[in-house]
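Proteins come first, then strands; the chains are lettered A, B, ... in the order of their sequence lines, and each starts at number 1.
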Number of protein chains: 2
Amino acid sequence: MGAALALVGKGRHFASLGIREVTRQAGVVPTSFYRHFRNMDDLGLQLVDELGLVLRRMMREARANVLQSDKLIEESVGIFVAHAQANRSFFLFMAQGLAGESRAVQEGIRSEMRFFASELANDLRRLRLMDHLSDADLDLTCDLVVRTVAFSLTDLLSVSPDDDYQIGQIRKRTTRFLQMIFVGAGHWQSDGA
Amino acid sequence: MGAALALVGKGRHFASLGIREVTRQAGVVPTSFYRHFRNMDDLGLQLVDELGLVLRRMMREARANVLQSDKLIEESVGIFVAHAQANRSFFLFMAQGLAGESRAVQEGIRSEMRFFASELANDLRRLRLMDHLSDADLDLTCDLVVRTVAFSLTDLLSVSPDDDYQIGQIRKRTTRFLQMIFVGAGHWQSDGA
DNA sequence: ATTTGATGTGTACACTTGTTCACTAATGTG
DNA sequence: CACATTAGTGAACAAGTGTACACATCAAAT
């Protein structure tokens, strides 16, 4: 799994990886692959599971660092960007998998995103923010937020990891996106959509 | 190019296609490939160009059908969904390319999206909607709109083309996303972001 | 200390892959 | 018509591919 991730990190697309290629990168003979996975799709699914862990770690850190802050959004985006950098290959894999060729991986990632959105909704409910929104509308908002952040991933991962200027731009832009969405959510239904 | 698109339409990922595979699907001998393209990346770039045409056709139709409508957003989303269905393979290619393995294709698609967003901004300016927004903020809004629609593509393309119920759900959801964004844009800056 | 289960190895086979080269068929322009 | 360009062909090659099978290694449990 580490080998596959490393290749993705080097710019390859997961869908174009072969068993031999992965085992070569892992420094192991091709047949060893079958001790752990039935095929590449299987490997992909297990990567999705690990991706889940990465996302949960990120959520935990976001919750801890954000509670006593008045700049909720800016702070959260910062944490997201930091994690995306620290686990570049994982997030690369995630971005690829969303339109990947394995239906199962695709569904897995989508499901992680749904989970993330629902956790976000819970947090907002707990913090009594967006209290005027119905449950369904809050879910809608959180879904939109998560999508927007996920799309920013594409921007983020396409610039060099040490191009701090561009990364800063992306962070600012993403922050404004989210602010606009929350302004929309704040006036939702009150001025009749 | 048609052959490559056909394979993508059948569920394959563009990054995993080989020259022989494409020529086989095209009913032509492998060597013929080189008469038209230097390699698969080249083919991808030419597909991006054609994708540009598809998008422009879609924009033209949207402009024509939407001017005399009071449900701008709903109508536009409808046209988008219709085009995505009618050119499924093209949009599949677009969704894949955003996180694809060819940097050039990636940049090409991103550039098409920027163009699309700027055209949308022009239209809104011309229609005197969102007149209170600065040029920069209008661009921001349109970028967010285009991203949101592009992400919906992922949802749309992952359900069967004739599952009308799910497609309807996606259309409604996308419409609400855009409505929320425009509510946000409507109150932008006026209540201090 | 011996058995066991998991992991890794080496060899082998039948295909598929990208690319080359010299050749032929078709096409449209003077 | 003749000619030049473009598109398609067939054989060939070295290299890479997925997968199968019998065998080796080694840590942990008995």
Name the orientation class of the two ring planes belonging to B/H187 and A/H187 (parallel below 30°, tilted from 30 to 60°, perpendicular beyond 60°).
-> parallel

Report the relative orientation of the aromatic rings in A/F151 and B/F151; use parallel for angles under 30°, tilted for 30 to 60°, perpendicular for over 60°.
-> tilted

Nearest-Å distance, [atom1] ([X]) to [atom2] ([N])?
{"X": "A/M40", "N": "D/dG18", "atom1": "CE", "atom2": "P", "answer": "8 Å"}
{"X": "A/F33", "N": "D/dG18", "atom1": "CZ", "atom2": "C1'", "answer": "10 Å"}
{"X": "A/M1", "N": "C/dT7", "atom1": "CE", "atom2": "P", "answer": "14 Å"}
{"X": "B/R12", "N": "C/dT16", "atom1": "CZ", "atom2": "P", "answer": "14 Å"}
{"X": "A/L17", "N": "D/dG16", "atom1": "CG", "atom2": "P", "answer": "16 Å"}
{"X": "A/E21", "N": "D/dG16", "atom1": "CD", "atom2": "C1'", "answer": "10 Å"}

Selection from C/dG18, D/dT19, D/dT9 that lies nearest to any side-chain heavy atom of B/I19 = C/dG18

Side-chain contact check for B/R20: nearest option of C/dC21, C/dA12, C/dT19 is C/dT19

Counting only N and O atoms by type, is there a donor-acceptor contact under 3.5 Å from the side chain of B/R171 to the main-chain atoms of B/V77?
-> no

With a 4.0 Å cut-off on heavy atoms, is B/R24 in touch with a base, just the backbone sugar-phosphate, or nothing at all?
-> sugar-phosphate

When we call it a touch if two heavy atoms are under 4.0 Å apart, what does B/V28 touch: a base, just sugar-phosphate, or nothing?
-> sugar-phosphate

Donor/acceptor link under 3.5 angstrom from A/T31 side chain onto base of C/dG8 = no

Side-chain N or O of [X] versus OP1/OP2 of [N]: is the shortest distance under 4.0 Å?
{"X": "B/Y34", "N": "C/dT19", "answer": "yes"}
{"X": "B/R35", "N": "C/dT27", "answer": "no"}
{"X": "A/H36", "N": "C/dG8", "answer": "yes"}

Go through the steps to decide whether A/T154 and B/R110 satisfy the test side chain to side chain contact (heavy atoms under 4.5 Å, CB included), and finish with yes or no.
-> CA-CA 10 Å; A/T154 320; B/R110 227 185 289 279; 3.6 Å; yes

